[in-house]
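Notes for the one structure printed next.
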Amino acid sequence: AQSVTQPDIHITVSEGASLELRCNYSYGATPYLFWYVQSPGQGLQLLLKYFSGDTLVQGIKGFEAEFKRSQSSFNLRKPSVHWSDAAEYFCAVVPGYSSASKIIFGSGTRLSIRP
Amino acid sequence: EPEVTQTPSHQVTQMGQEVILRCVPISNHLYFYWYRQILGQKVEFLVSFYNNEISEKSEIFDDQFSVERPDGSNFTLKIRSTKLEDSAMYFCASSAVDTQYFGPGTRLTVL
């Protein structure tokens, strides 16, 4: 079955430290991959997406993600976190892409920032 | 920047009552979606809608649920007879081609 795994439920990092959030997917072909962020009480904001081409993609707010086909992974990174990055981060895939395909979300990783 | 809007932000209802959640997608988008997130759980797909008909629906989307695009701008989700387990955050999303943009959500509380 198609699935998205985010193995870390909760991560705490110090402000200014680097960050990596893990995401693995299970699907036969290369899906379309996304990272969304949800701040408390807010909706889901798109951080970045990967469809094809360069496997390192840049997103908003200084985030980047790298697609690794051999590891079925799409990890999210940021070199230096800010207190405002505290939020819930969701990795997501569209497995069989057509224009109306559903998104399958991971269970999310909650990021806390230590002052 | 265009965005998806949803109303109300919070709806409280009694079990067995009908509720309608409203969404205004981004104006040039053609594909519309509803998702829900039960507290503490992952975001789950409910239904997708294109060209005035349902494209795909999940097992959650049973006969108690319906969607409609009553005019050129609104997209609604109706729950005919709410259950306690329908309490969740409901997100509307829309897309033009390949990326779904989400609204801020409606928190539905069923008492």
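Labels below follow one simple rule: chain letters A, B, ... track the order of the sequence lines, proteins then strands, and each chain is numbered from 1. Just so we're clear, the structure is a prediction, and the values are computed from it rather than from any experiment.
In terms of heavy-atom proximity, B:K42 sits nearest to A:V4 at NZ-O, 4.4 Å.
For residues 15-23 of chain A, an interface with chain B (any heavy-atom pair closer than 4.5 Å) does not exist.
Between chain A and the residues B:Q37, B:E44, B:M89, the largest count of heavy-atom pairs under 4.5 Å involves B:Q37.
Without hydrogens or angle criteria, B:Y35 side chain to A:I103 main chain gives a donor-acceptor distance under 3.5 Å. Using a distance-only test at 3.5 Å, with no hydrogens or angles considered, a donor-acceptor pair links the side chain of B:Q100 to the main chain of A:S101.
In this structure, B:V24 is not a member of the same hydrophobic cluster as B:Y90, with clusters built from ILVMFWY side-chain heavy atoms closer than 4.5 Å. One hydrophobic cluster holds both A:I60 and A:F67 under the rule that ILVMFWY side chains link at heavy-atom gaps under 4.5 Å. In the hydrophobic clustering of ILVMFWY residues, with side-chain heavy atoms under 4.5 Å counting as a link, B:I79 and B:L84 come out together. The hydrophobic cluster containing B:I38 does not contain A:Y36, counting ILVMFWY residues as joined when their side-chain heavy atoms lie under 4.5 angstrom apart, directly or transitively. Under a hydrophobic-cluster definition in which Ile, Leu, Val, Met, Phe, Trp and Tyr are linked whenever side-chain heavy atoms come within less than 4.5 Å, directly or via other members, B:I54 and B:F75 are assigned to the same cluster.
B:Q6 does not touch chain A: none of its heavy atoms, backbone or side chain, sits under 4.5 Å away. Interface remark: A:L46 contributes side-chain atoms only to the contact with chain B (heavy atom separation under 4.5 Å). For a residue to count as touching a neighbouring chain, one of its non-hydrogen atoms must lie under 4.5 Å from one of that chain's; by this rule A:Q38 touches chain B with the side chain only.
In this structure, the separation between OG1 on B:T99 and OH on A:Y32 is 10.5 Å, given to the nearest 0.5 Å.
Side chains of A:K102 and B:S58: a donor-acceptor N/O pair is absent below 3.5 angstrom, by distance only.
A 4.5 Å side-chain heavy-atom check between B:D98 and A:F51 finds at least one atom pair inside the cut-off.
Heavy-atom contacts from other residues, nucleotides or ligands closer than 6.0 Å to CD of B:E85 number more than 12. Counting non-hydrogen atoms of other residues, nucleotides and ligands closer than 6.0 Å to CG of B:D71 gives a total above 12.
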